[in-house]
Amino acid sequence: MVTRGFMGRKRSDAQGRIPPGQYLETGFPVLSAGPTQRSPLDRWTFSLEDRNGRPFASWNWEQFMALPQTDITTDIHCVTKWSKLDTQWKGVTVDDILKAAGIAEPPDAYLMAFCEGGYTTNLPLRDLVNGKGMVAHEFAGDPLTAEHGGPARLLVPHLYFWKSAKWVRGLRFMPEDQPGFWEAYGYHMYGDPWKEQRYTND
Ligand SMILES: Nc1nc2c(c(=O)[nH]1)N[C@H]1C(S)=C(S)[C@@H](COP(=O)(O)O)O[C@H]1N2
Ligand SMILES: [Mo]
């Protein structure tokens with residue numbers, strides 16, 4: 001994944017980077033459907049599972065931190081209409097997770113991200129690979145706070161931010177696209193902010 005780095009962008013550079021119906025946010029709002037999850041690092045694991053929930057691989061915190069680490073700077077877009085530019089993250093790309101699990105040929109085209117606390121969200125595999133998705137554990141150079149999904153969250157910045165599952169604990173392959181938590185409540189199955197795919201029929 002390419003790092004664009006911090007360039008001290010001027011506000012005018014925001015033009016063309018805010019999807020339709022979004023506004024520029026300079027703070028970092030916290031949005032959670034339930035309570036903030038706080039799990040101690042010594043009990044944390046991340047698992048990559050097959051469609052039956054059998055793990056291909058599982059890492060504890062120390063093992064996960066030993067995987068290749070990637071820095072990215074990217075814009076994020078929440079369905080509640082805020083967009084935040086040039087957010088800086090560090091984590092492990094899904095490409096590197098698949099590689100570390102020894103998966104050369106992915107078995108299914110869809111994945112369900114699952115989390116501490118029970119939140120889920122569905123994603124096509126193709127939206128997570130080729131540098132498009134990571135499991136992030138640092139924000140702006142600091143460990144990711146619990147409010148924002150620490151110790152680690154999914155980051156899929158080209159889709160609305162509800163796809164970036166906080167407190168993520170694994171990815172499970174699925175043979176077909178099944179709705180996750182918000183998708184079952186009427187949010188769009190895919191969630192492209194540039195196409196304003198907010199709700200089911202958008
Ligand atoms: N586990 C979990 N992940 C989640 C959510 C949640 O409620 N639980 N909310 C989603 C939504 S709707 C958004 S907009 C972002 C908010 O992330 P933030 O609180 O870091 O801004 O997290 C997403 N990931
Ligand atoms: Mo959201």
Side-chain angles (χ1 to χ4, degrees), residues 17-41 43-49 61 64 72-92 94 97 110-124 127-128 132-172 174 178-200 202:
R17 294 170 65 188
I18 310 287
Q22 298 289 112
Y23 67 87
L24 183 63
E25 170 68 57
T26 51
F28 195 174
V30 171
L31 287 115
S32 308
T36 295
Q37 303 295 316
R38 296 172 197 275
S39 61
L41 287 184
R43 284 198 347 222
W44 186 92
T45 56
F46 186 89
S47 304
L48 185 65
E49 299 181 353
W61 184 257
F64 200 76
I72 75 157
T73 299
T74 187
D75 303 343
I76 55 179
H77 313 287
C78 176
V79 73
T80 63
K81 304 204 163 178
W82 55 268
S83 289
K84 188 170 170 59
L85 304 184
D86 293 320
T87 58
Q88 297 172 280
W89 306 84
K90 184 192 288 291
V92 182
V94 174
I97 290 169
Y110 296 92
L111 288 156
M112 187 70 83
F114 57 91
C115 303
E116 184 92 39
Y119 185 86
T120 54
T121 191
N122 55 304
L123 295 138
D127 287 88
L128 290 173
K132 289 179 162 176
M134 68 156 48
V135 174
H137 57 83
E138 275 189 21
F139 176 78
D142 291 317
L144 188 59
T145 60
E147 289 75 15
H148 287 298
R153 77 181 297 167
L154 197 62
L155 177 68
V156 192
H158 68 288
L159 299 178
Y160 279 126
F161 210 36
W162 87 76
K163 296 287 184 182
S164 292
K166 305 200 279 190
W167 314 297
V168 72
R169 296 293 295 273
L171 293 168
R172 185 177 307 128
M174 301 188 285
Q178 297 282 339
F181 178 82
W182 280 124
E183 294 83 6
Y185 278 105
Y187 280 65
H188 198 275
M189 285 292 275
Y190 184 64
D192 181 344
W194 295 96
K195 294 182 177 161
E196 283 209 84
Q197 293 174 338
R198 299 175 191 274
Y199 308 109
T200 305
D202 288 348

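We're numbering straight along the sequence, starting at 1. As the structure lists them, so they are numbered: ligands from 1, and atoms in each ligand from 1.
- For the side chain to side chain contact (heavy atoms under 4.5 Å, CB included) test, residues two or more places apart in sequence or in another chain that qualify with P35 are Q37.
- Screening residues 24-39 for salt bridge (charged side-chain N to carboxylate O under 4.0 Å, His left out) gives R38-E147 as the qualifying pairs, with residues at least two apart or on separate chains.
- In this structure, a donor-acceptor pair under 3.5 Å is absent between the side chains of R169 and S47.
- Using the six-membered ring where Trp is involved, F28 and F139 have ring planes that are tilted, between 30° and 60° apart.
- Judged purely by atom type and a 3.5 angstrom limit, T120 uses its side chain to pair as donor or acceptor with the backbone of F181.
- Among pairs with a residue in residues 179-196, those fulfilling salt bridge (charged side-chain N to carboxylate O under 4.0 Å, His left out) read K163-E183, E196-R198, at least two apart in sequence or across chains.
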What does the N/O contact table under 3.5 Å look like for ligand 1?
| unit_1 | atom_1 | unit_2 | atom_2 | d |
| --- | --- | --- | --- | --- |
| ligand 1 | 1 (N) | K166 | O | 2.9 |
| ligand 1 | 3 (N) | K166 | N | 2.8 |
| ligand 1 | 7 (O) | A33 | N | 2.6 |
| ligand 1 | 9 (N) | L31 | O | 3.4 |
| ligand 1 | 17 (O) | R153 | NH2 | 3.0 |
| ligand 1 | 19 (O) | L31 | N | 2.9 |
| ligand 1 | 19 (O) | K166 | NZ | 2.6 |
| ligand 1 | 20 (O) | H148 | ND1 | 2.6 |
| ligand 1 | 20 (O) | R153 | NH1 | 2.7 |
| ligand 1 | 21 (O) | P29 | O | 2.6 |
| ligand 1 | 22 (O) | R153 | NH2 | 3.2 |
| ligand 1 | 24 (N) | S164 | O | 3.2 |

